Amino acid sequence: MLQGGGALGAYQAGVYEILSDFGHTPEWVAGISIGAINAALIAGNPKQHRVERLREFWEGVSSFPFGHPPPLPVARAVASGKLTFDRTRDALNETNATIAMLFGVNGFFSPRLPAAPFQRPGTPGAISYYDTEPLKKTLERLVDFDLLNSGAVRLSVGAVNVRSGNFCYFDTTEQRLDVRHIMASGALPPGFPPVEIDGECYWDGGLVSNTPLQHVLDHPGTKGRLVFQVDLFPARGEMPLNLGDVSEREKDIRYSSRTRLNTTNELERQATMQSAQRLLAKLPPSLRNDPDAKALAAMPVEPPVSVVHLIYRSKHYESQSKDYEFSRASMLEHWCAGMADTVQTMEDPRWLDRKGAASGVNVYDMSGPAQAVSKVTPTSKLSGAIRS
């Protein structure tokens with residue numbers, strides 16, 4: 001499950017690279033915004049080419065090429081803070097973000113000329129600052145939509161209907177997806193224009209919910225699930241010191257709060273339904289025909305669910321522009337942070353020593369203290385794995 005977060009999405013690519021190395025290839029990929037783009041690159045390419053296509057995309061939309069990601073020890077050093085940069089990096093990042101705002105991002109979006117206020121009302125140019133035709137061409141080049149719709153990997157992407165305000169998912173088990181559905185999930189206003197699909201216009205799904213967990217758990221499976229939830233905005237952070245910090249902290253809270261709430265509600269709902277099923281099995285035959293018992297028995301129930309939480313945590317030199325700062329240096333650092341966090345998780349004794357549960361919901365966050373591994377019950381308060 002891949003959250004939205006613009007330029008931070010390279011972190012998800014790094015996570016996927018290591019998961020692939022460890023043999024965790026997905027049966028289902030769900031994403032919102034930049035997560036939808038990464039998800040399409042995964043589902044729309046053969047296993048042996050997915051990392052290559054992800055790298056091609058991220059190198060294409062980042063500037064100032066410095067070559068391939070550094071070795072894993074360097075990635076770990078960047079992610080852990082052992083390798084740091086001086087304050088000149090702050091100014092460099094802000095400069096790169098300003099360049100992206102003024103001139104667009106190659107292969108992604110370009111500024112409209114004339115600008116939106118001078119466009120004819122009612123046209124795409126009048127309701128957005130940028131043209132996303134470059135992204136359309138990039139996706140059509142890098143994604144095999146026949147393979148994406150083949151059923152080899154299920155794909156779900158979230159978007160918001162502009163007229164109704166309703167959140168919806170486009171899912172390959174329900175319809176054929178094309179480049180419009182992917183772009184609709186990432187059409188964040190007012191930067192990007194809405195995308196029209198079958199007479200309706202759609203905006204970025206992150207306006208309503210920035211993580212696709214609810215959609216995944218609303219479709220119960222027949223066997224236990226291992227879910228990797230890759231988030232790009234942390235809920236917890238430091239007290240701001242200046243207005244730039246305020247803007248960054250506000251953005252983190254805004255995009256992570258719905259994730260935290262939805263995750264808590266959905267996992268506790270799953271635990272409640274599983275408890276109800278276990279209770280029904282203990283009832284004497286005389287009570288199993290009771291209308292209330294039948295109503296509980298008809299509820300969908302999810303087999304065991306394990307959620308591994310991976311969260312990108314900002315570097316000290318990153319600011320509120322981090323999600324639209326597309327420099328090659330930052331892209332590589334985000335990618336390597338995803339690699340390092342995933343290696344840390346896969347090699348953690350708490351993960352290696354886990355035991356398969358017959359039922360219930362378990363949450364893992366190996367970036368925190370030992371108590372960050374938690375079992376969710378109907379009355380439990382989820383651990384810092386979800387709150388952070």
Side-chain angles (χ1 to χ4, degrees), residues 2-10 31-41 57-58 60-63 94 96-143 157-170 177-210 232-233 247 250-251 254-255 258 319-327:
L2 306 178
Q3 192 184 73
L8 302 177
I32 291 173
S33 196
I34 196 66
I37 292 174
N38 282 330
L41 290 164
F57 172 81
W58 283 102
V61 300
S62 60
S63 56
E94 287 302 311
N96 288 329
T98 301
I99 291 173
M101 288 182 61
L102 293 176
F103 301 105
V105 172
N106 183 52
F108 204 143
F109 58 89
S110 57
R112 294 194 182 279
L113 296 173
F118 304 101
Q119 299 271 359
R120 182 166 58 87
T123 63
I127 56 176
S128 60
Y129 292 114
Y130 301 100
D131 181 2
T132 52
E133 182 65 20
L135 176 60
K136 179 175 182 290
K137 293 179 180 178
T138 297
L139 291 174
E140 289 175 337
R141 177 171 58 86
L142 296 180
V143 176
V157 297
V160 177
N161 186 302
V162 176
R163 296 180 188 274
S164 69
N166 291 334
F167 190 70
C168 70
Y169 276 93
F170 302 116
L177 304 193
D178 57 40
V179 69
R180 297 172 302 163
H181 301 91
I182 312 304
M183 293 183 64
S185 184
L188 184 63
F192 300 159
V195 176
E196 183 176 347
I197 301 173
D198 299 331
E200 293 290 342
C201 291
Y202 296 89
W203 270 333
D204 192 307
L207 294 175
V208 173
S209 176
N210 205 30
L232 300 177
F233 293 97
S247 296
E250 182 273 335
K251 184 177 290 187
R254 173 157 42 99
Y255 285 117
R258 294 188 185 97
S319 68
Q320 59 85 27
S321 66
K322 61 188 177 184
D323 57 334
Y324 59 91
E325 199 275 289
F326 282 87
S327 72

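Keep in mind it's a predicted model, so treat the numbers as computed, not measured.
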CA sep, side-chain torsions, deciding dist, call: Val160, Asp204, side-chain contact (heavy atoms from CB on, under 4.5 Å): CA-CA 6 Å; Val160 177; Asp204 192 307; over 6 Å; no

Result of checking Val143, Val157, Val195 against Ile182 for side-chain contact (heavy atoms from CB on, under 4.5 Å): Val157

Heavy-atom donor-acceptor pair, Asn210 side chain to Gln3 backbone, under 3.5 Å: no

side-chain contact (heavy atoms from CB on, under 4.5 Å) between Ile37 and Leu135, worked out: CA-CA 10 Å; Ile37 292 174; Leu135 176 60; 4.0 Å; yes

CZ-CE distance between Phe109 and Met101, expressed to the nearest 0.5 angstrom: 9.5 Å

Ser185 (side chain) donor-acceptor with Gly158 (main chain) under 3.5 angstrom: yes

Nearest atoms (heavy-atom pairs only) where Ala100 meets Val105: CB-CG2, 3.9 Å

Sequence neighbours excluded, every pair satisfying salt bridge (charged side-chain N to carboxylate O under 4.0 Å, His left out) that has a member inside residues 114-126: none

Closest non-hydrogen atom pair, Gln320 against Asp323: O-OD1, 3.4 Å

Donor-acceptor contact present, side-chain Glu325 to main-chain Glu94, <3.5 Å: no

Heavy-atom neighbours of Phe167 CZ exceed 12 at 6.0 Å: yes

Working for side-chain contact (heavy atoms from CB on, under 4.5 Å), residues Leu188 and Tyr324: CA-CA 12 Å; Leu188 184 63; Tyr324 59 91; over 6 Å; no

Plane angle bin for Phe326 and Trp58 - parallel if under 30°, tilted between 30 and 60°, otherwise perpendicular: parallel

Residue Asn106 excluded, over 12 heavy atoms near CG under 6.0 Å: no

Step-by-step side-chain contact (heavy atoms from CB on, under 4.5 Å) determination, Lys322 to Phe233: CA-CA 10 Å; Lys322 61 188 177 184; Phe233 293 97; 4.2 Å; yes

Any donor-acceptor pair under 3.5 Å from Asn38 side chain to Gly9 backbone: yes

Contact summary for Ile127 and Pro194, nearest pair of heavy atoms: CD1-CD, 3.6 Å

